[in-house]
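In this chain, residues are counted from 1 in sequence order. It should be emphasised that the depicted structure is a prediction, and the values quoted were computed from it without experimental measurement.
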Amino acid sequence: MIYINKNTKNMVDKRIIYMKQFPENADFENDPKLKRKWAALKYVKYDRVGTQISISKEQAEQSTVLAVSDVISTMGWNINKVEYFLDNANLKIKVTAWEECVSGKKNGYPSKIKSAVIIEDLCSGKKLCSCSGEDDDNTYDTVNGEAFPSYCIVTCGSIVLDYLDAYGKLPPSDEMQFKEMDFDPAKITEQRKRKPEIIFTNEIRITRNNYDTTYIPVAESDLEFYGAESRVRQFLMFDEASHFDTVNLADTDAPVLTVAKDHELFSIGIIDESKGTIYYYNNEKKRRKEKYTELSGETYPDYMITNDRELVLSVIKYFIKYGKPYDKVSWIMNME
């Protein structure tokens, strides 16, 4: 985010903000909930028709450019799109930016930002669209209900507005790429297939005292995909007691891997209810039944304990991929 101080000269001739909602006859000053939710608007001068807010160059200068920028950034949840109009010695353009935050389905699932930007040269009529740099796979995706070719969707389209506010110019190519539009916006959904969502085949459920249960989604049974491995590693490093177990999203009868953790110690088990089999990790040390270790409120024989975090991670990765015990370590098998 480019910092825009209150003395920044206004580079934009007009801004139009298309909001999703705007309560009629709302008492923003005396209603505490509304006041917090819409506080950014308090410091901006604007004209409004329905849910559309228009800010002229003069209004922005009276409000400060920083206040206007703050409205756009803090009220993103309530904005469908933003239009900027510039008419100066270097640019005579209209810039339209869409941005949407897609929340994760569960606690722990990643949220993602989807943005798209279209630049129209008001002299030549030439149009450019944001470009992620990926190849065109003939699919489309949507931002706030507006369809775009998938390769046009980026993660930080708002940086264009920051540059226009701060410098009156577009960002350099290493910050944001644009490509001349060669598609008809009205026919995108007719000519392209909808971009398929990532299918999560497994979850790793993490339970900790005094915290909500966290889920780490795993796509295509590959712990390295979508950053799942680094997140599992992070949780394995935490000091507090915790419990890990796998959830097979496609097969509720699949075997379950479970890991008990307390500080630097771990115990691993695999439960296959369909076959009546339980596997316990075995560190191959001499079994002495009188030696036990307590992990997260449960007691385990010392020969089932390891302090090797990388070994635990390898066991999880192998199980996620193949659904069975890791073949590079020893296991004790019990039949129920």
I'd like to check Ile118 versus Trp98 (side-chain heavy atoms, cut-off strictly below 4.5 Å). Are they in contact? yes
Measuring from Glu120:CD to Leu128:CG, what's the distance to the nearest 0.5 Å? 10.5 Å
Should Tyr281 and Val315 count as side-chain neighbours, where that means a heavy-atom distance under 4.5 Å? no
Strictly distance-based, threshold 3.5 Å: is any side-chain N or O of Ser63 a donor or acceptor partner for the main-chain N or O of Lys45? yes
Closest non-hydrogen atoms of Ala40 and Asp70, given as atom of the first, atom of the second and distance, are CB-OD2, 4.0 Å
Using 0.5 Å steps for rounding, measure from the CG atom of Leu223 to the OG atom of Ser314. 10.0 Å
Residues, nucleotides or ligands: over 12 heavy atoms within 6.0 Å of Lys321 NZ: no
Applying a strict under-4.5 Å side-chain criterion to I, L, V, M, F, W and Y, I'd like to know whether Trp77 and Val68 cluster together. yes
Keeping Ser150 on the side-chain end and Thr139 on the backbone end, is there a donor-acceptor pair under 3.5 Å? yes
Rounded at 0.5 Å granularity, tell me how far CZ in Arg231 sits from CD in Gln234. 8.0 Å
Do Arg15 and Tyr84 meet the cation-pi criteria used here (NZ or CZ under 6.0 Å from the six-membered ring centre, within 45° of the axis)? yes
State, without any angle test, whether Thr246 and Asn248 hold a side-chain donor-acceptor pair at a distance under 3.5 Å. no
Heavy-atom side-chain proximity of Asp262 to Glu294 below 4.5 angstrom: no
Pairwise distance CD1(Ile17) to CG(Asn80) - rounded to 0.5 angstrom: 12.0 Å
Exercise: identify the closest heavy-atom pair between Val95 and Ile119: CG2-CG1, 4.2 Å
List the steps, then state whether ring-ring contact (aromatic ring centres under 6.0 Å, His included) holds for Trp331 with Tyr326. CA-CA 9 Å; Trp331 299 90; Tyr326 185 38; 8.3 Å; no
I'd like to know if Glu240 pairs up with Lys261 as an ion pair, taking the criterion as any Lys NZ or Arg NE/NH1/NH2 lying under 4.0 Å from an Asp or Glu carboxylate oxygen. no
Are more than 12 heavy atoms from other residues, nucleotides or ligands located less than 6.0 Å from atom CG of Asp184? yes
Kindly give the heavy-atom pair with the smallest separation between Phe244 and Ser242, and that separation in Å. CE1-OG, 3.4 Å
Run the side-chain contact (heavy atoms from CB on, under 4.5 Å) check on Thr293 and Tyr300 step by step: do they pass? CA-CA 5 Å; Thr293 297; Tyr300 300 87; 5.6 Å; no
Does any non-hydrogen side-chain atom of Val256 lie less than 4.5 Å from one of Glu273? no
For the pair Thr306 and Val329, evaluate side-chain contact (heavy atoms from CB on, under 4.5 Å) and give the outcome as yes or no after the intermediate values. CA-CA 11 Å; Thr306 180; Val329 302; over 6 Å; no
May I ask you to check whether over 12 heavy atoms, not counting those of Lys193, lie within 6.0 Å of atom NZ? no
Asp141 with Arg194: basic N within carboxylate O range, under 4.0 Å: yes
Does Ile305 offer a backbone N or O that forms a donor-acceptor pair with the side chain of Asn283 under 3.5 Å? yes
Tell me, do Ile53 and Met19 make a side-chain contact under 4.5 Å, heavy atoms counted? yes
NZ (Lys126) with more than 12 external heavy atoms under 6.0 Å: no
Between Lys14 and Glu83, does at least one N-O distance fall below 4.0 Å, as a salt bridge requires? no
Closest approach of Phe85 and Val12, non-hydrogen atoms and distance? O-CG1, 3.5 Å
Would you say that more than 12 heavy atoms from the other residues, nucleotides or ligands in this model lie under 6.0 Å from the CG of Asp251, or not? yes
Path from Val117 to Met181 over hydrophobic side-chain contacts below 4.5 Å: no
Ile204 vs Phe235, test: side-chain contact (heavy atoms from CB on, under 4.5 Å). Steps then yes/no. CA-CA 11 Å; Ile204 297 175; Phe235 277 102; over 6 Å; no
Between CG on residue Leu249 and CG on residue Asn202, distance to nearest 0.5 Å: 6.5 Å
Can you find a heavy atom in the side chain of Ser69 that is under 4.5 Å from one in the side chain of Asp162? yes
If you count heavy atoms of other groups shown closer than 6.0 angstrom to NZ of Lys114, is the number above 12? yes
On a heavy-atom basis, which atom in Ala219 and which in Phe225 lie closest, and how many Å separate them? CB-CD2, 3.3 Å
Single hit among Lys179, Lys195, Arg192 for salt bridge (charged side-chain N to carboxylate O under 4.0 Å, His left out) with Asp136: Arg192
Straight-line distance of Leu86 CG to Lys94 NZ, nearest 0.5 Å: 13.0 Å
Membership question, hydrophobic clusters at under 4.5 Å side-chain separation (ILVMFWY): are Leu311 and Tyr322 in the same one? yes
Between Gln52 (side chain) and Val49 (backbone), is there a donor-acceptor pair under 3.5 Å? no
Over 12 foreign heavy atoms within 6.0 Å of CD, Glu264: no
Answer whether the closest heavy-atom distance between the side chains of Leu236 and Phe266 falls below 4.5 Å. yes
Taking Thr214 for its side chain and Asn107 for its backbone only, find out whether a donor-acceptor pair lies under 3.5 Å. no
For Ser130 and Ala116, the nearest pair of non-hydrogen atoms, with its separation, is OG-CA, 3.5 Å
Hydrophobic clustering (ILVMFWY, side-chain heavy atoms < 4.5 Å, transitive) - are Phe319 and Tyr215 grouped together? no
Candidate pair Asn144 and Lys20, rule side-chain contact (heavy atoms from CB on, under 4.5 Å), full reasoning: CA-CA 10 Å; Asn144 287 332; Lys20 298 175 183 178; 3.5 Å; yes
Any donor-acceptor N/O pair, Ser267 side chain to Met304 backbone, under 3.5 Å: yes
Side-chain (Thr155) to main-chain (Ile113) donor-acceptor, under 3.5 angstrom: no
Just wondering, do Met176 and Tyr163 contact through their side chains at under 4.5 Å, heavy atoms? no
Counting only heavy atoms not in Glu197, do more than 12 fall under 6.0 Å of its CD? no
State whether Phe238 and Arg208 meet the cation-pi test: NZ (Lys) or CZ (Arg) under 6.0 Å from the six-membered ring centroid, and within 45° of the perpendicular axis. no
Between Tyr109 and Val247, is there shared hydrophobic-cluster membership here, with clusters defined by ILVMFWY side-chain heavy atoms closer than 4.5 Å? yes
